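Have a look at the structure below, then the notes.
This one's a predicted model, so the numbers in the text were calculated from it and none came from an experiment. By convention in this document, chain letters (A, B, ...) are assigned in the order of the sequence lines, proteins followed by strands, and residues within each chain are numbered from 1.
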Amino acid sequence: VRDELMRTMTEERTDTAPIDSIARSLRRRVQLTAGIVVAVAVALQPPADVFLFDAADYWGGSRALLEGGDVAAVGLLELRGALTPLVYLPAALVASVVGQSAAADAVLAQNAILIGFIGAVLIPRLVAIWRPTTPRVVWVSALGAGLTLAGFAPLPLTDLWGVALLLAAVIAVDARWRGALLAGGLAAGVAINLRPAYLVPVAAICAVVLVGQRLRGLWLLVGIGLALAPQAVMNRIWGVTVIPWPERTVELSSMQALYASFVVRYDTYVVDGATSQLFFCDPALAADVHADGDYVRSSGELAGWMLSHLPHSLAFTGQKVAAALHWPLSTPYYAPGAAVNGVFAGLVTAIAVLGAVGLARATIRRGLRKATPAQVAAVVAWAGSLLTLLTSAPETRFALPLVIFGIAGCAVLFADGPHLPRSTRGRVWVAGGLVAVVAVYGLGAWGMAHPVMGAVNGPICADS
Amino acid sequence: VSDLRTHDLAADRTRRVSPLLAVRAVAGVLAVLAVCLQPPALAFSYDAGHYWGGATALVGGGSVFESGLLAVRGVLTSFLYLPAAGVTRLLGEAAAGPAVLVENALLMAAIGVLLLPALVGVWRPVTPVVIWVCAAAAVLLLRGFAPFPLTDLWAAGLLLGAVVALDGRGAVRLLAAGVLAGLAFHVRPAVLIPLAALVVAVLAARRWSGLWFVAGAALALLPQFALNRWRGTSWLPWPEATAALTQVQASYASFVVRYDTDTSGQVSDPRLFFCSPRMAHALDGTAPDSTGGLALAFLSHPLEALVLSAQKVGAALHWPLSTPYFVPAPGSDGLFALLVTVVAVVGAMGLVRATFRHGWRAMSLPQAAALIAWAGSVLTLATSATETRFALPLLLVGIAGCALLSAEGSGVRSSTAGRVWLAATTVTVAVVFGTGVWGLQHPVEGDVTVTRCATS
């Protein structure tokens, strides 16, 4: 009997191998289909008429790289990472071959492919940190990415690329292959170079990996170092600074700190090509900002400012996060849209909040001690992104990581089909999640009650 | 034991039914959401303005006949957007755009998760894949229609609804099919050719009981007849000034490949005609002013007319991204036109193959009706002053065909017949797309005459 049992057991074991490979090939096929469907669906929108502000800088840098010209000046590299002109190099290459009239289409196509990749490959792989990926996980991820990110596709901005690299860094913690951590470090380093705000989540990931994996974790740091090397080299060549970020980053962050002390959200208002700045203010905090120079200039001072304005600053920080998730349909820019803006804000808020609740539950369900390093890395990356929102004058696009993690969380929740959990504890989670969605939506709407068009300072904001 | 078995069977049946219902519900909600995530229209112009005017006059008072332009539009067109108009009356003028958007999103979801899967059901059992493909394609391809109160989607839906209603036995179904077909004709008289062909097919297949279908169609036209008698203008069951419209249509149809309304705001005259200089030359300065004249013109210049008709069909499927209107967006327009052409052609070829695979004698009435409705729509395109939105029935049938293929597989890998089919389909797609591009080479802004076209 025992022999027979052993034999069936070994047979079963060998039997599962082909099943696994069938499942894998099915998943690959679903991923390919979903990726193509989402990329085509995203590409089916009017391309941008013009590239504005940052988008123009990034695009200009890419063009200057190809066609000659002062890349540093055109790409505004004293403010932007040295690698930013490389991001839209493929589209710029297509445009320079086909003609500049194809520029907007090439950018749209490049971003559509990226969104397809994020939805069909990156987010499902992120979900795999918690549970096996099924076709349904792939479809939910792809659909979520297509619905929420499509608005970014026409513009050559770096946000999507930054968040994709951040995801790659988190995924690398979970990967088994040799060199994964080095590759993850490279991705994280490039992410920082493209968007310095990712410094906080990347530092958190580093801490987790160093604690969890000891010496092996150093590969992550090596990767980050390598990815930041180009910036350091360029800085040496220009003879500006020794630290590996753009020369005027400090200036930028001190301006951010100032606005962060009284602005709930900043938007770029774009309607029919006409543009303006649009600030959503907190009049009470703005009234305390002195125009004569005695104001917040650094993250440290910002922390002191927040502490000295307790408890009001608590509501203010909550509003910041909630308002950053309150996406208008035209995100990354702001354009009025009756009713649809509210629906889209509701959708994005629900995805981000429910997804976060889902991921939190999946992580602590079997006890916090059973959480894997990759799960912890994902959680701290999420928390780091949240912290970044608090310490800046957030724009909607700064909340991208929260939305992407939210999509992954929704995929975890709906992986077994849409159904209510049977246990009481599960239902409490659902109820809590729904209440949280409503609360965050309401908080966002409340935070946006004082809009100001055009430039602001303390007094203007206080009068709004 | 038998109790146990019936119990099992019942359980099995609920298990088999409820997943489809769940899929329909989830796909439907997602479809509504996806369609609604676009800016609503700020104003309704031209036809859309008239249909909307009729609906607002119904709820807000005023002459429905005047504001709905009922001299040339069916009386029921004023009722299509009654729900949205009611909501707007309650919430204020600012709600008009969003209300129309939501109503159309619901219509599109219904088409995607109910009507099109039911059409596929004429050939094979409906599975979740069928529903998902139908819903996704409907959202992706029809989305552009959602902000505007137009009647094209309703007409195409009613026509295919008539086809689906023929799937089954009994007088009630025939009557319902007749009512739906009659309504489709009422909403868009261009449906006349497919409707007439349907009547012939139903009478041939069902003999005397086919009269129920005719009775249903007559019933649907009764309101228009009543309105005409009340106004004392005409004894016919269509709008009183239809004849004038037909004249204009016949005149343009003789040399115009496609007509578009340019809403980009970059042009002084929104009318945009793509015309055929070759046919205009052949007409030698005088366009026909009646359907008979049009037929005569086509018959006396058969070669030019054949090319023009093919170009019309190809161009009607060459949708810009901004369909139903025309706002140029070069790259994405080409991609969208290709996608629409591929779906319409591949789907139609798939349905034809599925129908004739078992010999044409095995064809059921609803299958024949679907092909007739499709062929009638092609014929309508070929003989009218076509707009992109006139091709909607072809696109809906195409989506159903693609859903059928994705559920059944095309058999391309396993059989020679499958490979022949694939080759034929690829060639047809290329030919239709190419003909469309060819037909769109001579745009004329503003009103067009035969002489102006000949020199374009």
Side-chain angles (χ1 to χ4, degrees), chain A residues 33-34 37-49 94-95 98-99 101-109 112 135-136 139-140 142-144 146-148 150-151 153-154 271-272 327-331 335-348 350-351 414 417-419, chain B residues 19 22-23 25-27 29-42 87 91-102 105 128-129 132-133 136-137 139-141 143-144 146-147 264-265 319-323 327-340 342 406:
Chain A
T33 316
V37 167
V38 167
V40 169
V42 168
L44 288 179
Q45 61 177 310
D49 293 330
V94 170
V98 181
S101 60
D105 288 310
V107 168
L108 180 62
R136 189 183 261 122
W139 280 112
V140 172
L143 186 72
L147 274 184
T148 52
V271 173
D272 291 335
W327 286 17
L329 190 57
S330 50
T331 300
V340 281
N341 277 353
V343 174
F344 195 56
L347 177 74
V348 171
I351 288 176
F414 294 124
H419 62 86
Chain B
V23 170
V26 175
V29 170
L30 283 176
V32 171
L33 189 67
V35 171
C36 282
L37 288 180
Q38 62 179 312
L42 296 173
V87 169
L91 299 181
E93 212 38 53
V100 168
L101 184 63
V102 170
V129 174
W132 279 113
V133 172
V139 168
L140 206 59
L141 301 176
R143 220 172 159 259
S264 65
W319 284 20
L321 191 57
S322 51
T323 303
V327 180
S332 342
D333 280 351
L335 182 66
F336 196 55
L338 182 64
L339 192 66
V340 169
V342 166
S406 59

Q: Side chain from CB out, backbone as N, CA, C, O: work out which of these in B:Leu339 comes under 4.5 Å of a heavy atom of chain A, or both, or neither.
A: side chain

(Q) For B:Leu37, which atoms come within 4.5 Å of any heavy atom of chain A: side chain, backbone, both, or neither? (A) both

Q: Not counting sequence neighbours, which residues clear side chain to side chain contact (heavy atoms under 4.5 Å, CB included) with A:Ala150? List them please.
A: A:Val42, A:Gln45

Q: Under 4.5 Å heavy-atom distance to chain A, tell me which part of B:Pro39 shows up: side chain, backbone, both or neither.
A: both

Q) Considering only heavy atoms from C-beta outward, does the side chain of A:Pro47 approach that of B:Ser332 to under 4.5 Å? A) yes

Q | Separation of B:Leu335 CG from A:Leu44 CG (nearest 0.5 Å) | A | 5.0 Å

Q: Might you point out which heavy atoms bring A:Val340 and B:Cys36 nearest each other, and give the distance in Å?
A: CG1-O, 2.9 Å

Q. Of the backbone (N, CA, C, O) and the side chain (C-beta and beyond), which part of B:Val102 lies under 4.5 Å from a heavy atom of chain A, both, or neither?
A. neither

**Q.** Non-neighbouring partners of A:Ala335 that pass side chain to side chain contact (heavy atoms under 4.5 Å, CB included), sequence neighbours left out
**A.** A:Val271, A:Ser330

